[in-house]
Structures are given as C-alpha cells and as structure tokens.
Amino acid sequence: MERLLTICEAAVAAAKRHEADEAEAFASSGRTIDVELQKNDLQIASSAESEAVGIRVFRDRRMGFASVNTFEDAEIEAAVERAMGIAAAAPPDEHNGLPDPVPVDDLEGIYDPAATEYGVDRAVESALAMLDVARGYDERVTVDGGQLHCYAGARAVVSSKGVRLAEPVSRLYCFVMGMARDGETVSSFDFQFDASRRVDGIDCERAAGTFAENVVASLGARKGESFTGTLVLSPMAAAEIIAYPITYSVLASSVQRGSSRFGESMGKAVASPMISVTDDASLEDGFASASFDREGQAPRTLPIIEEGTLRNFLYDAYRARREGRASTGHAGGGAQSVPSVSSTNIVFAPGETVFDDMVAGVDRGVYVKRFSGNTDPVSGDFSGVVKGGRMIRGGKLEEPLTGTMIAGNTFDLLPKVAAVSRERERLFSDVLPYIRLEDVAVTGS
Amino acid sequence: MRELLREIVGNAKHWTEVRVHDRNALRLAVRNGVMESASSNKGSGAGVRVLVDGTWGFSSTARLDRESIERAVRDATLAAKGSAGGRKARVDRLADCEFAVGDFRTGDAEEIASHSAEEKTALVVDTERRTMEASETIRSAMCRYTELLDKKWVVSTDGADAHIEDAKLEFVAMAVAGTSDDMTTAFHGTGVTGGWPELFGPNSAEEIADKTGRTAVDLLNAPYAPGGKTQVVLDPELVGLLAHEAIGHTVEADFVLAGSAAAGRIGERVASELVTLCDSGPSVIGGEHAGGVVLVDDEGVPAGRTAVIENGVLSSYLHDRETAALFDVAPTGNARAWLFDDPPLIRMRNTYIEPGGSSFEEMVESIDDGLLLKGGGSGQADANAEFMFGVQEAYEIKRGKVGRLLRGASISGDAFEVLQSVDMLSSDFRWTIGSGHCGKGQPAKVDGGGPFVRCNVIVGGR
C-alpha cells in the first residue's frame, strides 16, 4: 500500500509541476484469478496482475482527467499532460475542486488475506463443484456459462488538499447461468450468483443448486393470460423494479439535473410505510463497503427512505458544493473513471410477512422470479418479460409462465406496496426482501 | 512489435497466441451544462492465451517488454496446467483457415486527430445546450462523445501475424422532458467505424440535438400503448436490435453448444423465406462504416460475411476456432476481446436483415390496425429465443395511415415465431445501433440494422 501512496504522491506532484491548481490521484493494483465455465465444461483459467492510476486536475476551475494502466514514470507523466490538456479545453465551473481531508476510520471485513493466496486450483475446484451440483440436480440442466472470480489488491487516494489514504480490498464472486432442455423444449434462462469479501464467504454450491432448481421448474411453461392483478417480486426482480429507480432518484446528480422523481419530495411520503431503505457503506461483508470513497471522504450511513418518508440524498464533493454542503462520502468510481455520486450497499429493512403468507393472500397474480426488461429510473416506467415466473391462483404457486409481460410505474406503485417479506437476500451490494404490488398490468400472448 | 511477438510465440513450448492491444479512449460528457466526464484513458498490454493438455490458460501484462510477455506466457501455462484436470472435453483441434498476415486499417484516426480537444469539447457543450433549449419543458439534457482508438498485434503459433489499427466513434444525445411527476426520456445516437464525416454523415450534431429534444417533448403528451399481440412495422433500429438480440445471441456457437433454441436446427426453415439475416465483419452493405467493423478477429482469423439465415433457412452459427472445429466448419471470425486483459469470446459484429422489395409507404398502407415502432432501448434475449427490448416511439396505424404517437413500451416474442411472421421488407437499409455496446461478460462494439420490416410482436402495454 505504501507503493500505491508513493505512486499517487508522484502523480500529484507531477500535476502541480504542470501548474494544476489542485490535483488528485487514485491508484489500484491487484491480482485476479478467474476460472470460467462454458457449455457444461471448464473453459479457461486465467491469472493476471493489474495496476492503474487516474489523475484528476483542476486549473482555473476547469477539470481534466486521464488514466493509465501502468505505474511507469513516463506513462504517468504523459497522463498528467493529457489531463492538463483536457482541462485547458474544458469549460470552467465555479463548483469544481477537491474536498478537504476528513477523519476516516479503518473498516474491518473488506479484505481477507487468504484472497492473496487463492490459487487457480482452488478456483477450479469451486467452479467444478458448481457444475457438478447443477448437472447432478437433473440431467436436463445445461450450464451455458459460469465463473469463479477472486480479486485481491489495494486502493489509494492522495490529493493536493492533504488527503492520503490507502486500504487493502478483496472481492470474490461466483455465478452460473443457463437453462434446462427437454427434447425440443428449452426453459427460461436463469442466473444465480454469490459474492463476498471473504474466501470462505461465497457458497457456489448453493448458487448452482438454486439455478438448477429454477430452470427445471420453468420447463413446460405456459403462455400467460392478460389481466390486471398482483405481482410478488423476488429480491432479484425487486432490485430491478424497485431498488434501481429509488437509488437513482436519491443521487444528488439526478436531483440537480432535474431527472429525479424525488427532487421535490424531501421529508414527504414517497412509499408505503412498509418501505425503509438505508445506504450503508459499512455493511459487514458488503460488496460496496469501504472506509473511504473515491475522493477520500468517509461514507456516512444514511437512511434514504424511513417508513415511506424520503430522508436523504447522496452527495459527492462536487454535488455537495453546488448546494453549499458537505459530501456524504458517496463518490464512486475507480482509477479509470472520473469520480461521480453513487450509492454503496442499499439495504431494505425486512417486513413483517413471511413469503408463504405473501403468496397465500393472492387470489390471481404472478410471481416474478426474474425481470428481463427496461426500468426507466427517470419516469419510473418499467416494462418487460417475466422470467422463471409462476402463476398464482387461490393463494398457490401454480404453473410456470412464458410469454408474459408486465408493465407499470415504480413511483406510482411504491405508495401502494401491499407487503414486504421478513426474508431478505443479498445480491452483490444490495439486501432486498420479496415485495408484493397490486394492480399491475400483465399481458399474455 | 510483430517481430518480438513472433520470437516469443516461436520459443513457446505449447500452442500460444499473443495479442498486444493499445487503446486510447476519450470520453467527453456534458449534462445540464456540467462537464461530467472529460477523460482520456490509456489501456495497453499483452494478453496471452495458451492451449496446454487440451485446456486453455490465459494471462496478461501491462508491460510490453520481452521479459514481461514471457512471464505472462508462463503464467498462462501454469493456469492451464492447474485446471487441465477439471476439463472433460479436451480441445484436441482448432479449426484451420488462411490466417491474417499483414496490416489492416479501419476507421480514420488521422482525421479524428485533426480535431482539437477544444473543438471536441465545444461540440459536446453546444449539442447539450441545443438539446436543452429545444423546448422549455426539457428539464435535463446530456451529450456524450466517445473515441476508441485501437492498435493491435495478433501473433499465434498457427501463423496469424496481423497488425490492426481501428478507430470507432460514438455520439449520443439524451433529453428528459416533463414535470417532477411525469417525465419522458428520449435518446438518439450514432456510432461508426470511421471519422467525423462518417459520424455526422446521416445527421449533423445539430439535427441529433433537435430530434432528441423534440422526441422527449412529443412523448410527454402521448398516451401509453395498449398491450397485446399486434401487427407492426419495425424501423431499421428495431430490426437491428431484433437481429442482434433475438437471433444473433442464440446462434453464437458457445450458446448453441449449451443448448440454445437454435441448436440442431441448421438446414431447418426458421423464418419467413423473405428473411436473410447476416453477421458481417466488414461493412458489406449500407456504406463502409458500420460501428462493429472487424476485418481480422482476435484469433487472427479474417472476418467475412456470415449468412446466419438464408431465405428463411438457418444456415450457419457464429464461431471461434474451437467451436468451428467441433462443428467441422471454417471459423467465421467472431472471436473478440474487449481489452488486452480479456480472453476472446464469440461475439457478433454487424448483424442485420437484408432489405426486400417493398416501400415503407406500401407497408403502412397494408395495415388496417397496427403500430409503427421506432427507436430501441436496451434489449435482452433468452435461451429459448424469447426476446425483449424497449421501444422509444409507437405510432398508431389505422386503415393504412400513420396516426398519433404513443409512449413506447417493450416488445417481446419468440424470435423465430416473429421471423416466421415477417411478410414485408422495405428496399432501403440503415445501420442503426452502432452507438451502443453488447454485453456478454465483456463489452463489444457492435452494430446492426436492416430495412423496415412488417411482422407480429407482443407489445407490453398497460
């Protein structure tokens, strides 16, 4: 990590030599192990080391940014020159500039030293276990692709304002995707994954088991009917239809651009009292957990929606300065991107209904396991196809569905959420429950 | 560089492919008057793929000296050996072909370099402002300009020895119109392999700005489209998406081998006999500047035109050298990697439906009750050929006339059923989806297009 800090310091010094008023360098380096599955077999194993540094400069309130994927002095110098060249051509903006340093506490649990020792052999073992579990569940299951990924490295940020921070990080994930095929009948595609900061934290076999169960269950799907009724969203479907528009709408960038539906709703009810959502960068084992953000600010844990009421927007330094306030520590990005506001771990509070009771209360509806469609986070309009879905009749999960589309508006539906489950699932950085919505248009074929 | 790579590959103990890739990317983006991105990203290095004991190994290095590349060869070999025990179906053969040797150049990096940073920045700033000023009801606007300037060297044990230079550009505008409780978004873009004359050939930056602003405002006052199975005319942009998302993915040979809906159907009638659908490396129709142009793929295979469906009959899958050997056919030049540190995957290039003999007017006149659908959003396809993608604008067609605008929703269907229902194609052709990327683990620059097409789809309305 000292090496990363030294590289960043040298880049900032180079920018100052090129007469930058302010400069910031963000660097990362690490080692990646990947084992990929394809067409029911192991496809390729890879191991590689990588490094990158991104330099942001300001001159007369004009911003420029350049990155390079090596720490060689001459390349860093060239990147500084490119960043200065871009800044010279960019329009000035009075709010441009870097934030002052703030106290930052180390966060436990974002780095597992075992990840640096993780080898191809162990990744192969886990990848093959996924294949065995999926194929062993039913001979009709076919794995189109899958991966076992392990990254161990470090990140650092240094600025001419006095920010000087570094921390080690590790990230592991596995995924498996494919379908079931019975003669000429091909099921819906399914995708399952698990992610953790710890080597022992991912459960590949569970992901593969769920995948196999889902694709087999969706064989023999029937084309759905058209009606207006209840939807029960799985955590994965809720991430697309509910969490995505909410998260987009609380970014200060969306609000300031006038593209957030929550722009004028601070302190007002925007959802059912059953909905409470928090942005938590300190979530244990959270995929987006970090002790400092892309600009070296400490991320604050913020309630976004509390019992249906909008409580906070998320800010980076630039968006905060436009409103004369402090950053909430939500600058996202890496060495190869300009920092911009982003959420970290989005955590939905659990509800009071268990999933089985949620379904039991539905007279006619659709259980949406996965949503393949478009959600416009600006308007909240969503429209797409139900994947791995089941018809619900008389409180029971019935036949699997195909050719069934759903459409509606997230912001119109949020105040009318009918139930939130006690059960929650973690999806990379989000923690989500099952959510029941009423009066949604379902189109069969 | 080629000489160094030839020596390294020549000294390797196993089958080896070294691909050096140097990418310079420039991204300029302005939104609501704020320069949100002004970045120059350089990514350069060597990706090494080896085939040892019937298994692939891969490694990469950002350093381009002999020692670093040779270390990557050793690391890739170790990765292959470490995983060989786990592979069931050994790769015992790669399909042969006449490998690419020499220099290959696409795009116009020199023309792009003749425009200064100031000119590029001003273009983006001015276009965003013009989009914003198209109407008082526009509350947010964005303009983004992207350059990808690539230099590549691909050298393999089998004799591939190519130096490739390529330049691709993207330019898009976006507008959001409305009030805080009712907003509509519109998006227009262009993407080419070429320089500025090609990028702004069909539409100038001003025209793109005006069109984007106008679409967002028009949509604001439009009712939602009704849901149901409907006879439609798809515009060339939706035809490009249909060709790419709905058919293209199901015929990627890796996906076929996993059992996609196209598996085992070569020689079978899968579409109306009016339909010929191709995936082409070079831009063989509609001008030379399609956004997904590839002359040589990342295995050093020359990329040509592959007819996937010929007069309604499924005629070919899309292959890399490994799958071509398994199917005992020639590789089609579809192995592509996004950056030096990505191994090649089977990817599409420019995927399109060939034009027919009708005019757009005849097609509209022939419909009693249907929709004209224009402009795509993002799309997805399923293993069972069920596809979904967003539609920006839907116009009613009543008694042979185009009527009022409806807010676009999503369309869906079984890709092969939809192609069976194709009964009219217009005689014109446009490349239309070059401003976007295809995602399959890695991004890829692709394009797609076609004529106007009459067919039946499911519209997800309300």
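Sequence lines set the chain letters: A, B, ... in the order given, protein chains first and strands last, and positions in each chain run from 1. Side chains are part of it too, since the values below use all heavy atoms of this structure and drop only hydrogens, waters and symmetry mates.
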Side chain, backbone, both or neither: which part of [X] has a heavy atom under 4.5 Å from chain A?
{"X": "Ser412(B)", "value": "both"}
{"X": "Asp341(B)", "value": "neither"}
{"X": "Ala76(B)", "value": "neither"}
{"X": "Thr121(B)", "value": "side chain"}
{"X": "Arg87(B)", "value": "both"}
{"X": "Leu345(B)", "value": "side chain"}

Out of [options], return the one with the most heavy atom pairs under 4.5 angstrom to chain B.
{"options": "Val120(A), Thr185(A), Val124(A)", "result": "Val120(A)"}
{"options": "Glu36(A), Gln256(A), Glu49(A), Met179(A)", "result": "Met179(A)"}
{"options": "Ser265(A), Ala127(A), Ala90(A), Ser187(A)", "result": "Ser187(A)"}
{"options": "Val378(A), Thr70(A), Asp121(A)", "result": "Val378(A)"}
{"options": "Ala45(A), Ala48(A), Gly145(A)", "result": "Ala45(A)"}

Inset, instruction - State, yes or no, whether a side-chain contact exists between Ile76(A) and Ile55(A) at a heavy-atom distance under 4.5 Å. - result: yes

Legend entry - Lys/Arg cation over aromatic Tyr224(B): Arg407(B), 6.0 Å, 45° cone: yes

Inset, instruction - With salt bridge (Lys or Arg N to Asp or Glu O under 4.0 Å) as the test, would you mind laying out the steps for Arg61(A) and Glu94(A) before giving the verdict? - result: CA-CA 6 Å; Arg61(A) 300 278 167 205; Glu94(A) 59 174 319; over 6 Å; no

Inset, instruction - For Gln43(A) and Glu322(B), run side-chain hydrogen bond (donor to acceptor under 3.5 Å, both in side chains): C-alpha distance rounded to whole Å, both residues' side-chain angles, the deciding distance at 0.1 Å, then the answer. - result: CA-CA 11 Å; Gln43(A) 177 65 17; Glu322(B) 180 187 347; 2.8 Å; yes

Under 3.5 Å donor-acceptor pairs involving side-chain atoms of residues 77-85 of chain A, not counting sequence neighbours:
unit_1, atom_1, unit_2, atom_2, d
Glu77(A), OE1, Arg17(A), NH2, 3.2
Arg82(A), NE, Ser40(B), OG, 2.4
Arg82(A), NH2, Ser67(A), O, 2.9

Legend entry - Main-chain N/O of His95(A) paired with Arg321(A) side-chain donor or acceptor, under 3.5 Å: yes

Legend entry - Spacing of Asp93(A) atom CG and Met35(B) atom CE [to the nearest 0.5 Å]: 11.0 Å

Inset, instruction - Output yes when Arg144(B) and Glu36(B) qualify as a salt bridge under the 4.0 Å nitrogen-oxygen rule, no when they do not. - result: no

Does any backbone or side-chain atom of [X] lie under 4.5 Å from a heavy atom of chain B? Answer side chain, backbone, both or neither.
{"X": "Thr228(A)", "result": "neither"}
{"X": "Asn374(A)", "result": "both"}
{"X": "Leu131(A)", "result": "side chain"}

